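In what follows, a structure is listed as structure tokens, so that the remarks can point back to it.
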Amino acid sequence: MQVTHMLFLYLQVLNPFYVFQAFTLTLWLSQGYIEYSVAIIILSIISIVLSVYDLRQQSVKLHNLVEDHNKVQVTVMVKDKGLQKLESHLLVPGDTLILPGKTSLPCDAILIDGSCVVTEGMLTGESIPVTKTPLPHTENTVAWKSHSLEDYRKHVLFCGTEVIQVKPSGQGPVRAVVLQTGYNTAKGDLVRSILYPRPLNFKLYNDAFKFIVFLAFLGIVGFFYALGVYMYHGVSPRDTATMALLLLTVTVPPVLPAALTTGIVYAQKRLKKKKIFCISPQRINMCGQINLVCFDKTGTLTEDGLDLWGTVPTADNCFQEVNSFASGKALPWGPLCAAMASCHSLILLNGTIQGDPLDLKMFEGTAWIMEDCDADYCTFGMPGSHIIIKPGPKASWSPVEAIAILRQFPFSSSLQRMSVVAQVAGEDHFHVYMKGAPEMLAKFCKSETVPKNFPQELRKYTIQGFRVIAFAHKGLKMKKLSEVENLAREKVESDLTFLGLLIMENRLKKESKPVLKELHEACIRTVMITGDNLQTAITVAKNSEMIPGGSQVILVEANEPEDFVPASVTWQLVENQENGPEKNETCVNIGNSSVPDGARGSCYHFAMSGKSYQVIFQHFNSLLPKILLNGTIFARMSPGQKSSLIEEFQKLNYYVGMCGDGANDCGALKMAHAGISLSEQEASVASPFTSKIANIACVPHLIREGRAALVSSFGVFKYLTMYGIIQLIGTSLLYWQLQLFGNYQYLMQDVAITLMVCLTSKYFSKVNSIICIYLPMTF
Ligand SMILES: Nc1ncnc2c1ncn2[C@@H]1O[C@H](COP(=O)(O)OP(=O)(O)OP(=O)(O)O)[C@@H](O)[C@H]1O
């Protein structure tokens, strides 16, 4: 919807504050305050024009963001008529779209034939290519969304995203069926949440409103006082009424509501210079109130491009020697090397390999190369239109000439794993390779293939802060590609053989430590919410001093109820973990839930996994707030759990900031009072704030500017209300003598003094560091 200038003007003039002002001006004009009234009319016109211009700018920006994808030409398949070109706004759910190549998607659609690679940066802020696969053809009658569980997003092309590559299947062009259009799309939903944000319970606005009501009450008292005085002196009823109404208007300065937004305008300009963009300026004031900031780990606190450290293969169910990458030797050939070379969702785009930074690093580590399937390989008996990988010149010797990646079951944060089906050149059967979070992957492996010392080996690396990925494999007995194409994910991801671990360095960004220190000094709590391993998260938190040296970490583990055993929570000091789980452990059962005595000091930090969080959320809801008061590390959290945690913090009256970089943080970014997405995309609807500089230094900048805006709005508000009360008292005293302030006195007070205070507020609101202050939010 395009909102015109005239509509904005109309809405602005009908604003109760301008209606009140019109009433006041009429009164003043009737009293002969000509110069003063003219000055106020000029100021009001300037103020209305500026706000209309500002609103229109915001609306045009948002409109362009929405409209860009609405004006494309699309090709649809029409029954009995073949292919037809039409304007994208004519699409309706159920149309069959043909995707010829690079294009912007004007609607949400489900892929039914062929696969394609898209960038979803506009929706998620993350600009890495994502592979979309067609909806599998299954015979059952279950709705496709419930059938594919969380995986369904892998088949859906979202409006506003860009298709950068299409891969037709053997059966014709890439086809998708339109699911939703316009405001009903996922993007429309996000835009709606910007236009009509969730009402935020902001104390400043609530208190300001209460104070205005109080001033209005004072005005009414003044009104009756004036009536009394003028009637007592026998003044005509008409003049008495005018004088009484005049006193009523004196108390509430008409510029009051505008004063609350002055700071925001200046703060937004300063943020832009620091490459922090904002699509919801009302949130800036709220940033000043933030007293808890949640951080995602990978890509936010730590570097995105991880460095390879080593691999630990298994043989005969035992871990072997570590192959270190630092030695410079090529990774020796073996099943683990084959898995690393083939289990990823990288794509070849204009000759360069692109995709998830983790996948990129891992593939580089194998020194294999990637090619699109060409005639050569098809002569090997390999099917066409798939990615082919083969040993590069620097790779170690391998008996395998090439591997074709035939099917991908892409990675998702909630699944914590991905798998591929591949075929080795010259072989007539297929292989499944899987990689993912070690704890998750072990669940899909045959237990006898997982080394007995798996937990200890994993802990050995995670305790050093490494990021660990595990690999597994199985052979598929099928002979035909068509059988592979119809395989369900559950069938592929079962009974695997554990292959080993890949260990990656997880280096802190250089800005992380000083920023966390600054936040601590300002008494702002910091919390880590990550999808990574719990021990890795604890180590990173210690290294970054999110958990200061000398503090103790208590591991909270909660177990689901089983048959006759109720749900339980166990507490364990991380330092005591080596002593074995039996020792130093306290069990707390339902009905007897309490936080251990030792944990009440602030130098204790609770750490828990997403699984434990879920159990506590469901079975120990009254215990949750107590844990959250000292909870600092939340690991292996799914995207849904991340946003639920933010909501729980908000219930404890925290003003929560969230800083994240990936698609798995989107829900949490939207839920927080101030979500900051680290993204190269300026125009993203993923969160209210976007920082183009990919480190957490934007957090103190934003809090500082928020506080500056808040302090200046509050200062101007205080000044104006004080000024209103002084004017009420002054006028009341003069009324006693049946006198009034002169025209020029009002002119000086209202225009010269008040206007100056509002306009120069930007100079007294600039702060250079966040200090530990308690902002004056109540009167
Ligand atoms: N491309 C991938 N393929 C397979 N497994 C992966 C991949 N990327 C991450 N993982 C595994 O899944 C886990 C969860 O990933 P997720 O992206 O949710 O969080 P993260 O990147 O580890 O951390 P953060 O939430 O701090 O960004 C990771 O810890 C890792 O073990």
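Heavy-atom basis, side chains included; hydrogens, waters and symmetry copies ignored. This is a predicted model, so every value here is computed, not measured. Note that ligands are numbered from 1 as they come in the structure, with each ligand's atoms numbered from 1 the same way.
- Relative orientation of the F649 and Y654 rings is perpendicular, given thresholds of 30° and 60° on the angle between their planes.
- Under a cut-off of 6.0 angstrom, the local environment of NZ in K510 is sparse, with at most 12 non-hydrogen atoms contributed by other residues, nucleotides or ligands.
- Using a 4.0 Å heavy-atom cutoff, G436 is listed among the residues neighbouring ligand 1.
- Residue-environment remark: CD (E321) stays at or below the threshold of 12 foreign heavy atoms within 6.0 Å.
- No part of T300 comes within 4.0 Å of ligand 1, judged by heavy-atom distances.
- The protein atom (non-hydrogen) at minimum distance from atom 14 (C) of ligand 1 is G531 O, 3.3 Å.
- Contacts between M362 and ligand 1 below 4.0 angstrom, taking non-hydrogen atoms only, are absent altogether.
- Residues M370 and H344 come closest through the heavy atom pair CE-CE1, 3.4 Å.
- Remark: of the listed residues R636, R459, K611, R417, R636 is the sole one forming a salt bridge (Lys or Arg N to Asp or Glu O under 4.0 Å) with E439.
- Separation of atoms CD (Q165) and CD (Q354) is listed at 9.0 Å; rounding is to 0.5 Å.
- Rounded to the nearest 0.5 Å, atoms CG (L415) and CD (E493) are 7.5 Å apart.
- Scanning the protein heavy atoms around atom 10 (N) of ligand 1, the nearest turns out to be F411 CE1, 3.3 Å.
- Side chain of Q464 to backbone of Y461: no donor-acceptor contact under 3.5 angstrom is found.
- Within the listing of ligand 1, atoms 1 (N), 2 (C), 3 (N), 4 (C) sit less than 4.0 angstrom from a heavy atom of K435.
- Residue contact check: D532 has heavy atoms under 4.0 Å from atoms 22 (O), 23 (O), 29 (O) of ligand 1.
- For the pair A672 and M658, the tightest heavy-atom approach, listed with the atom from each and the gap, is CB-CB, 3.7 Å.
- The ligand atoms of ligand 1 that sit less than 4.0 angstrom from a heavy atom of A437 are 11 (C), 31 (O).
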**OP:** Could you go through the side-chain contact (heavy atoms from CB on, under 4.5 Å) check for I403 and I388 one step at a time?
**Re:** CA-CA 6 Å; I403 300 177; I388 298 285; over 6 Å; no

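- Listed by atom number, the atoms of ligand 1 under 4.0 Å from K297 heavy atoms are 26 (O).
- Under 4.0 angstrom from ligand 1, there are no non-hydrogen atoms of D665.
- Checked against a 6.0 Å centroid threshold, the rings of W368 and F363 do not count as neighbours.
- Within the 4.0 Å heavy-atom shell around ligand 1 one does not find H344.
- Near S413, the atoms of ligand 1 lying under 4.0 angstrom from a non-hydrogen atom of the residue are 16 (P), 17 (O), 18 (O).
- Side-chain polar atoms of R467 and T298 form a donor-acceptor pair below 3.5 angstrom.
- Residue-level proximity to ligand 1 for D356 is carried by the side chain, the only part with a heavy atom below 4.0 angstrom.
- In the vicinity of K642, heavy-atom distances shorter than 4.0 Å reach the ligand 1 atoms 25 (O).
- When only non-hydrogen protein atoms are considered, atom 27 (O) of ligand 1 lies nearest to D296 OD1, 2.8 Å.
- Within the structure, ligand 1 has R467 among the residues with a heavy atom less than 4.0 angstrom away.
- Taking distance alone, with nitrogen or oxygen atoms compared against 3.5 Å, T298 approaches ligand 1 more closely than that limit.
- For F471 and F498, the gap between ring centers reaches or exceeds 6.0 Å.
- Contacts with ligand 1 closer than 4.0 Å are made by no heavy atom of M440, backbone or side chain.
- Scanning all protein heavy atoms for the shortest distance to atom 13 (C) of ligand 1 gives R636 NH1, 3.6 Å.
- Close approach of ligand 1 to T530 (heavy-atom distance below 4.0 Å) involves ligand atoms 23 (O), 24 (P), 25 (O), 26 (O).
- Protein heavy atom in closest approach to atom 30 (C) of ligand 1: I469 CD1, 3.6 Å.
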